[in-house]
Amino acid sequence: MKKVSVHIVTFNSEPYIRECLQAVLQQNYPIDRIIVIDNDSQDGTLNVVREFESDRLTIVSNKVNAGFAGGHNQAIRMAASDYYLVLNPDVTLHPDYVYYLVQRMEQDASLGSATGKLLFKHSPNEIDSTGLLFTKSRRAFDRGAGQDSSLWDEEGDVIGVSGAAALYSSSMVRDVSIDGEFFDEDFFAYKEDVDVAWRSRLLGWNALYCPAAQAFHNRGWKKGARTKVPLRVRRFSYINRYKMIVKNDHWLYILKHLFPILLYELGSLAYFIVREPGVLGSWRNFFATIKSTVHKRRVIQDKRKAQFENIYCYFK
């Protein structure tokens, strides 16, 4: 059987991590290894994780917060499996989740990633994500979010998958990593899974939505709660979109989609000037990392295998 390791990055995740680990241990598909990277939690997260200590569980306690990207890259470097399940600590898996995804990915060597039907924990008939959706304005959304789960029973191709409960093949991870990084560590957190989706498509990998696999997501960033989200997090969420565009986009298709891009940019700028001016300070980070971003763009474009038409057909 193909080996699967489960990678969880925690940060003050005490309310969720016990249920998350219990569900991992109840998977019908054998899990080879569980790697928990803790990003300097200040609550009881590590105490809960240690309750599950076994030969299969590896715990790394970081003294500084390495972010979602850095934490998961640590786990990937430690793993030697055929598939990596990147899992948020606030996600609870159905016992068949891993089984269905591995089964489908083993049937198609072009698949580099797969996701199941992610549902809201607080409203289990409501979709959290069925994969990613890109717009012509270069925004990314969770496909089907907020809709009735019965509308999403058809398996199919997606441009990429949410990092909340994503199964990645190790072959794809090795192929699309740049300078040893699968998730771009300049992103720290937010949109790193979107960047991976775009990049992996450019390099010829496909992604799958498999509704037979189900999971339940608590999702901390809810509608109407932006002001409760730390400014640093909102800055990463905002500026990482522009880093992603520099790395992966093409000038011809920027021109083709210029109207929706400009429409969104003008509205976005007006919003942040009036409502959240502090977020615009993230442009300092953008320029501080621009050399790194441009280098990564060169690597991606030099390795590109897919025709651009086959990428931009996903932009709605």
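Nothing fancy with the numbering, it's 1 onward along the sequence. Reckoned from all heavy atoms, side chains included, excluding hydrogens, waters and symmetry mates.
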Under the ring pair (Phe, Tyr, Trp, His ring centres under 6.0 Å) criterion, do Phe183 and Phe68 qualify, and how do the steps go?
-> CA-CA 8 Å; Phe183 292 112; Phe68 179 98; 5.4 Å; yes

For Phe315 and Phe134, what are the C-alpha separation, side-chain angles and deciding distance, and is it a ring pair (Phe, Tyr, Trp, His ring centres under 6.0 Å)?
-> CA-CA 5 Å; Phe315 288 62; Phe134 287 24; 5.3 Å; yes

Side chain to side chain contact (heavy atoms under 4.5 Å, CB included) between Val176 and Val173, worked out | CA-CA 6 Å; Val176 310; Val173 169; 5.7 Å; no

Start with the C-alpha gap between Tyr271 and Glu276, add the side-chain angles, then the distance that decides, and say whether side-chain hydrogen bond (donor to acceptor under 3.5 Å, both in side chains) holds.
-> CA-CA 7 Å; Tyr271 169 84; Glu276 298 183 49; 2.5 Å; yes

Met172 and Ser200: CA distance, side-chain angles, deciding distance, side chain to side chain contact (heavy atoms under 4.5 Å, CB included) verdict = CA-CA 8 Å; Met172 187 271 273; Ser200 61; 4.0 Å; yes

Is there a salt bridge (Lys or Arg N to Asp or Glu O under 4.0 Å) between Asp184 and Lys247 once you walk through the steps?
-> CA-CA 11 Å; Asp184 189 334; Lys247 287 172 61 179; 2.8 Å; yes

After noting the C-alpha distance and the side-chain angles of Asn47 and Arg50, does the key distance pass the side chain to side chain contact (heavy atoms under 4.5 Å, CB included) rule?
-> CA-CA 5 Å; Asn47 291 332; Arg50 289 185 182 117; 3.8 Å; yes

Begin from the C-alpha positions of Asn218 and Tyr16 and carry the test side-chain hydrogen bond (donor to acceptor under 3.5 Å, both in side chains) through to its verdict.
-> CA-CA 8 Å; Asn218 191 73; Tyr16 316 110; 3.2 Å; yes

Take Leu208 and Leu101 through the test side chain to side chain contact (heavy atoms under 4.5 Å, CB included) and record every step on the way to the result.
-> CA-CA 9 Å; Leu208 178 76; Leu101 295 189; 5.8 Å; no

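For the residue pair Asp38 / Ser41, a side-chain donor-acceptor distance below 3.5 Å is found, with atom types taken as modelled. Between the side chains of Lys117 and Ser149, no donor N or O sits under 3.5 Å from an acceptor N or O. For the 3.5 Å distance criterion, the side chains of Asn248 and Asp195 qualify, holding a donor opposite an acceptor. Side-chain polar atoms of Tyr97 and Gln214 form no donor-acceptor pair below 3.5 angstrom.
By the neighbour-count criterion of 12 heavy atoms within 6.0 Å, atom NZ of Lys121 is densely surrounded, having more than that number from other residues, nucleotides or ligands. Heavy atoms from other residues, nucleotides or ligands lying under 6.0 Å from OH of Tyr253 number more than 12.
With hydrogens and angles ignored, the 3.5 Å screen pairs a side-chain donor or acceptor of Lys243 with a backbone N or O of Asp186. Although no hydrogens or angles enter the test, the distance criterion places a donor-acceptor pair under 3.5 Å between the side chain of Ser170 and the main chain of Asp82. Between the side chain of Asn88 and the backbone N or O of Asp90 there is no donor-acceptor pair closer than 3.5 Å. Here the side chain of Glu14 pairs a donor or acceptor atom with the backbone of Gly44 at under 3.5 angstrom. Counting only distance, with no hydrogens or angles, the side chain of Arg241 and the backbone of Ala140 share no donor-acceptor pair below 3.5 Å.
Seen from the ring of Phe308, Arg304 counts as a face-on cation partner, given the 6.0 Å and 45° thresholds. Arg138 forms no cation-pi arrangement with Tyr264, by the criterion of a distance under 6.0 Å to the ring centre and an angle within 45° of the ring axis.
Ring centers of Tyr168 and Tyr84: at least 6.0 Å apart, outside the cut-off.
Looking only at side-chain heavy atoms (C-beta outward), Leu119 and Ile127 come within less than 4.5 Å of each other. Between Thr10 and Ile37, every side-chain heavy-atom pair lies at or beyond the 4.5 Å cut-off. Val4 has its side chain out of reach of Ser81: every pair of non-hydrogen atoms, C-beta onward, lies at least 4.5 Å apart.
Taking the charged nitrogens against the carboxylate oxygens, Arg104 and Asp96 have no contact shorter than 4.0 Å, which rules out a salt bridge.
Among Phe286, Tyr190, Trp283, the one residue that satisfies the side-chain contact (heavy atoms from CB on, under 4.5 Å) test with Tyr238 is Trp283.
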